[in-house]
Amino acid sequence: MNISEIQGEIIRLKKEKDICILAHSYQAEEILEVADFTGDSYKLSVDASKAPNRTIIMSGVRFMAETCKILSPEKRVFLPNPDAGCAMADQMDKELISVVKGQYPDYTVVAYINTTAELKTICDVCVTSSSAVEICRKIENDKILFIPDCNLGAYVAAQIPEKTFKLLSGGCPIHACVSTDDVKTAKRLHPDALLLVHPECKPDVCAMADYIGSTSGIMDYAIKSDCKEFIIGTEISIQEHLQYRCPDKNFYYLSKKLICPNMKSTTLVDLYNCVSGKSGEEIVLPSDTISQARKCIDEMIRLGSN
Ligand code: 13P
Ligand code: SF4
């Protein structure tokens, strides 16, 4: 089968089997084309909870599929490629954060959504890159222990100077490897382009940006902008998606290092095999993990929608 034939089969099978396909913006273009919902982690987590279908396939990485399961425990949730983890989510576990919490007992523990379901069970509030500033501002406590991404944490802390943030040294190894030299090189090559970056980049890189935001935030900004050229400082798939959506504009990636092997590990064929019932992993979580982790995700949705 060629690409469009596989896509046709996926669309036919998902209707026949009442499956909702969610795809994170870092997935390949041919996957986004067959998804029911696409977007950043926050949008997908809300879309997943509202979808009427009995089965959800989360084309993204493991923590995203776990989030879907936590929000919709009555549904069957599948991850098309079981190897699709997240280097950041794997950095900190429940044991480590339990010890840190003991050192900062009067701090509210804010967990970036890029954390395991198990770790979320001991956190107070979850955030995504698009909701982190708003939610941290609304939290009543002025002391925040922000895990695991120190770059996103530093970005949020800079927007809310009246609060005290404790950060740990975690983060996305893909975004963190971009340097100010990469920015200087890209700006020299494309002097008229605006620089749009994800807050998982280092603070000195973010300081050189014209816009800082989530994957969806970056895409919306570029689509709506009157500017014709953009340097994209996040996973390179976003540069490709934008080029499809806006053929009259030019998009350049900030660095060739911005490739997430976990996001790239899911292919259209993996998705086809998952919809067909031939492969993919069903996400199974203990019921107490679901109920405890749900508290901090519900808190995110409550604070994010107020
Ligand atoms: P978003 O929250 O912007 O979707 O980002 C998720 C992610 O994994 C970024 O590396
Ligand atoms: Fe995780 Fe980084 Fe990949 Fe995002 S880009 S999924 S944070 S490893």
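Read the numbers this way: they start at 1 and go in the same order the structure lists the ligands and their atoms.
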(request) Could you list which atoms of ligand 1 come closer than 4.0 Å to a heavy atom of Tyr26? (result) 7 (C), 9 (C), 10 (O)
(request) Test Asp270 against every option in Ile31, Leu79, Asn81 by the side chain to side chain contact (heavy atoms under 4.5 Å, CB included) rule and name the one that passes. (result) Asn81
(request) State the atoms of ligand 2, each with its element, that fall below the 4.0 Å cut-off from a heavy-atom position in Asn114. (result) 7 (S)
(request) Compute the minimum heavy-atom distance from His24 to ligand 2 and say whether it is under 4.0 Å. (result) no
(message) Using heavy atoms and a 4.0 Å limit, tell me yes or no: is Glu235 in contact with ligand 2?
(response) no
(request) Could you check if a side-chain atom of Ile57 sits within less than 4.5 angstrom of a side-chain atom of Val275, using non-hydrogen atoms only? (result) yes
(request) Taking only Lys NZ, Arg NE, NH1 and NH2, and the carboxylate oxygens of Asp or Glu, determine whether Arg302 and Glu299 approach each other closer than 4.0 Å. (result) yes
(request) Run the numbers for me: atoms of ligand 2, each under 4.0 Å from some heavy atom of Met88, listed by number. (result) 7 (S)
(message) Does only the side chain of Asn114 get under 4.0 Å from ligand 1, or the backbone, or both, or neither? Count heavy atoms.
(response) side chain
(request) Can you pull out the closest protein heavy atom to atom 6 (C) of ligand 1? Residue, atom name and distance to 0.1 Å, please. (result) Ser41 OG, 3.4 Å
(request) Could you find the nearest protein heavy atom to atom 4 (O) of ligand 1 and give me its residue, atom name and distance? (result) His24 NE2, 2.6 Å
(message) Less than 4.0 angstrom from a charged side-chain N to a carboxylate O is my criterion; do Arg54 and Glu74 meet it?
(response) no
(request) Decide, yes or no, whether a salt bridge links Asp142 with Lys163 under the criterion of side-chain N to carboxylate O below 4.0 Å. (result) no
(request) Can you label the angle between the Phe146 ring and the Phe165 ring as parallel, tilted or perpendicular, going by 30° and 60°? (result) tilted
(request) Just go through Glu200, Met263, Lys43 and tell me whose heavy atom is the nearest to atom 7 (C) of ligand 1. (result) Glu200
(message) Salt bridge or not between Lys249 and Glu229? Use side-chain N to carboxylate O under 4.0 Å.
(response) no
(request) Flag yes if Met58 and Ile290 sit in one hydrophobic cluster, no otherwise; membership is Ile, Leu, Val, Met, Phe, Trp, Tyr, and two members link when side-chain heavy atoms are under 4.5 Å apart. (result) yes
(message) Using a distance threshold of 2.8 Å, state whether an N, O or S atom of Cys172 lies below it from atom 2 (Fe) of ligand 2.
(response) yes
(request) Under 4.0 Å, heavy atoms only, figure out whether ligand 1 is touched by the backbone of His198, its side chain, both or neither. (result) side chain
(message) If the cut-off is 4.0 Å to any non-hydrogen atom of Ser214, which atoms of ligand 1 fall inside it?
(response) 3 (O)
